[in-house]
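Read the structure below first, then the notes.
To find a chain, count down the sequence lines: A is the first, B the second, and so on, and within it residues start at 1.
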Amino acid sequence: MILNRNRLKVLEGICLPLGAVLTSLILFGLFCAIAGANPFAVYGSIYKAAFGSWSAFQNTLLRASPLMLSALCTALPARLGLVIIGNEGALVMGGLGATVIGLALGTAPPTIVQIGMALAGMVAGGLWITIVGALKHYRSVNETISSLLMNYIAIAILNHLVNGPMKDPSSLNKPSTFPIAEINMLGTLPGTRVHYGLLYGLIACGVAYFLIQRTTFGFAARTAGGNIRAALIAGLPVGKLTLAICFLAGSCAGLAGMVEVAAVHGRANESLNSNYGYGGILVAFIARHNPLAATLVSILLGGILTSGGILQRVHNLPDATVLVFQGLVFLVVLYSESLYGKFSIFQEQEEENTNKLATV
Amino acid sequence: MNRKPFHISRRQIIRGILGTAAFGVTAKLGTACSSTPENTTGSAPSTSETTSSNTPLIIGFIYVGAKDDFGYNQAHAEGAAGIAKIPGVKIVEQANVPETNEVQEAMRSMIEQDGATVIFPTSFGYFDPHVLKMAEEFPDVQFLHAGGLYQEGVHPKNVGSYFGYIDEAQYVAGIVAAHTSKTGKLGFIAAKPIPQVLRNINSFAIGARTIKSDITTQVIFTGDWAEPVKEAESANSMADQGIDVLTCHVDSPKVIVETAEKRGIFCSGYHASQASLAPKGFLTGAEWDWTTIYTKYVQMLQEGKTLKDGTIPHLVRGGFKEGFLKLTPYGAAVSEAAKTDAEAAKAKFMEGTMVIYKGGLKDNKGQVIIPEGKDLVQTAIELEQMNWLVEGVIGSVGS
Amino acid sequence: MTTEAIGWWGVPLGIIAGTLRGSAPFLFVSLGECLTEKSGKINLGLEGTLLTGAMSAYAISYLTGSPWLGVLVAGMAGMFLGAIHGWLCQQPKVNDIAVGIAMIIFGTGMAFFLGKPFIQPAAPHLPAIELGNWSDIPQIQSALKICPLFFMGVAIAPLMHWFFRSTRWGLLIRAVGDSPDASLAMGFSIFKIRMISIIIGSFLAGIGGAYLSLFYPGSWTEGISSGQGLMAVALVIFARWNPIQCLYASLLFGGAQAIGPALQAAGIDSYYYLWNASPYILTLIIMIITCSPQKTLSGVPGALGKES
């Protein structure tokens, strides 16, 4: 077999994560066996729930859509060397912003309202994370902590507004804002029940990849992320870059919030805070902050989350089992990162000829 | 850092591939049921129309939290366990399902993959839009929601709602609390100021006031259904303020009851029985008895009645009389006088003559909320939209 | 025990009581994380460790009747999770923040999974030392009921500070954290030193969890931690990696948690969501005021955040 270097690298890039997923499945099977369930039946159920049918796969895609957008909120600033975990806060603010505009523009044509909501969501989320970036640049406040604190503050603001000033009196036992008119809501992709959020996620990831890898802006960001002194000497406007990237990052998460409001709930309430933010952080790190890889990792995480239901219903495993599954998969996948370059099969073949006889 | 490359020869690779293939084949064949072709359209399996005695009635339960939270979800799970024993009934349960489109997918999976024909989504927030959407998509499946306000003509015909007037039990608990309190101050730790919670607070306060007309009930809202640290802090702050009977409406009253016991004050439970947690200070509690209502539903379903043709009522509510709730047995600290008054009130509920919300009732800002002469019975729709606190309650509804 | 109302005094008393009651978990987790980060690695997974510690302490206390044994086992459970984290994040090209988040999920899952049978029963609690008996006022008596673990934590803080400044081991850990290349050149095993630091850090975090389930709030349910592990990691950076300042930050945080309920009990009941968020708002404001580009983060271990 003549496998040149590039093909070997690509093969490695596919086989290692796949191998990691398989290994984690074996470990999880062991765990299930100890817990009293038949591991092979569990594998069958996981497959059935996540990918087994078109309906099940749509479920996976539905879970993956908010994750793709949310992951960008961590992946983009990571290129600049910033570790931001404020996805949840930006998502919530984006949802609030979208609701406000959606209600304000109530009587305009639906397309205008939807565009307005999307823009409002993006601006609200973007500004929220820009605050984090500004604090970092002007006051050297650690961005990880400030974004974490901003999460809690955003959730508090959401709860305060939804239970108070913005509350719809007829929303009774589930305090929510007034609903957005039915025609203004985001529809589903034709022929499926997956909403347009999936499309937004895929496009956003593509645009982000292009932005970071192929534009001078992205190049400037990566340089500043690699060595901030060199960037300053080269005259790059590090401050502006920080604020711009933070705004873009926040706007992606804010768009995810808008999708939650416009496609799922139709209004803002406490369900906006559903841990899509933290899932996005995980996806970003597993995908090594590569937006294209983030789409695939989102689908993987979506599949894992989908299987949670069937584990409970069919195998009588407690609801915490899906958390153990998630943790195992990601721990093993992270470990596999360190195995790149260790398997000689993926290395070039030259030196092997002398040793071949010995290893048989 | 030295790196040892793993040497894998070609022979090992071939063995590995064979092993993986064998594994994959076993996974496919080793499962009891091979993957059946899924129904991608919205029609449920046709067994729902004629419930013959051979095919079991598959009922799905969805809980918003963990099944063993010592509170709300556990009460429902105990009800579900109660009907699981009925011959011909099979239940599937899924817990920890948030109120997002995840619950839609959970319901869909139960219908498509498990063949459920009746779904019980047990959290209020599931109703709009999730249950309504699924009901339209699966017209042959019946959705019985806990707490939703079904509106004839507005909501799909295959949806029904049920709930218990647990505030009746809180009223009786209020009577017991008023007898036992020495400082004349009661405390209520609540999650959020929504109508179901406000009704409990008000009924508790009104019940207490029938015994001591100047007794006060302090309310603290923690903001969310499960906040153990805030609940413990609230219990401690209330004890600091001289309150000596605590009760609550949170998902898991365990922390509050245990903290009250530690501070040496009395407490009244909720959702399920927390009597074992506070041997000295436990008075009584308001408990759900979901088994009664679930058994009634199963009887109707097994007779072939459905929501669609109206043979199963859409709006089912009940209190003590219908057996939807019960009072936790009295603790050691409850005096005989308290028991007498409490039993008298309970008897009136059983007769159906008790009115909690009488005409002329004022709220805690001094305004008359219920006009004079117009008593509100438990089924009055105004009570399900409550957004005020009755006179004698210290606290406010706004955030 | 009948108590007279104390009105507005309830607010500062509640805050002080909350500080004494609620800061111990933050204290232990932040001290543990301080040790870990001094050696150059971040352990975000302490949230999962906290929960696993809480669960195992409650379980062992229930099964054996001894809460102190539960505390010990909680520490050991923490060590087990710390070993996984320590080994994994020191593999080449593995990012420790990613491992930390995965460990949060894994630790939380294991804690909930194994903890299901222990939600119903009531386990014996840790004893409290009653420091308030000089007063007749029941509120003060109960505010000053402090658990010995709190005192242990308060003692560990200056001990750790002295350890880092004046002992050989402390110097080794700091060397590994500030300049791994230099310590390599000196012949020390970076892997072992970091491993030990992470494991001991997780041990402390496990004990922090034990405090939650065995003293305050004193119960095992799945919602027992409201992000305290994560916040404690933030506290370490807030405290500039100085154990004494970790102590002050934990006290601040524990006290701020009690502001919301104390105000409501005294009669202020509007904006309670925002009052409940006061710990976070307060921390953010303090960080904005105290950080500046000139000072930057002095005290940052040099190797923190960089892949090995």
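Scored by the ring-ring contact (aromatic ring centres under 6.0 Å, His included) test, Phe325(A) finds Phe28(A) as partners (sequence neighbours excluded). Looking at residues two or more places apart in sequence or on another chain, you find no ring-ring contact (aromatic ring centres under 6.0 Å, His included) involving Tyr278(A).
Side chain of Glu33(C) to backbone of Asn43(C): a donor-acceptor contact under 3.5 angstrom is found. Side-chain N or O atoms of Gln312(A) include none that pairs as donor or acceptor with a backbone N or O of Pro318(A) at under 3.5 Å. No side-chain donor-acceptor contact under 3.5 Å links Thr74(A) to the backbone of Ile85(A). Under a 3.5 Å cut-off, the side chain of Asp96(C) and the backbone N or O of Lys41(C) do not form any donor-acceptor pair. Counting only distance, with no hydrogens or angles, the side chain of Asn151(A) and the backbone of Gly89(A) share a donor-acceptor pair below 3.5 Å.
Most heavy-atom pairs under 4.5 Å with chain C: of the set Val83(A), Leu148(A), Ile281(A), Leu149(A), this distinction falls to Leu149(A). Ranked by heavy-atom pairs under 4.5 Å with chain C, the first of Val322(A), Leu331(A), Ile157(A), Val333(A) is Leu331(A).
Side-chain atoms of Asn87(A) and Leu91(A), non-hydrogen and from C-beta on, never get closer than 4.5 Å to each other. Taking 4.5 Å as the limit, every side-chain heavy atom of Ile84(A) sits out of range of all side-chain heavy atoms of Thr144(A). Pro180(C) is listed as a side-chain neighbour of Arg194(C), based on a closest heavy-atom distance under 4.5 Å.
Among the residues in residues 279-288 of chain C, those with a non-hydrogen atom closer than 4.5 angstrom to a non-hydrogen atom of chain A are Tyr280(C), Ile281(C), Thr283(C), Leu284(C), Met287(C), Ile288(C). Residues from residues 103-113 of chain C that place a non-hydrogen atom less than 4.5 Å from a non-hydrogen atom of chain A comprise Met103(C), Ile105(C), Phe106(C), Thr108(C), Gly109(C), Met110(C), Phe112(C), Phe113(C), given in numerical order.
For the residue pair Thr177(A) and Asn269(A), no side-chain donor N or O sits within less than 3.5 Å of a side-chain acceptor on the partner.
Using a 4.5 Å cut-off between heavy atoms, Leu135(A) contacts chain C through its side chain alone, with no backbone atom that close.
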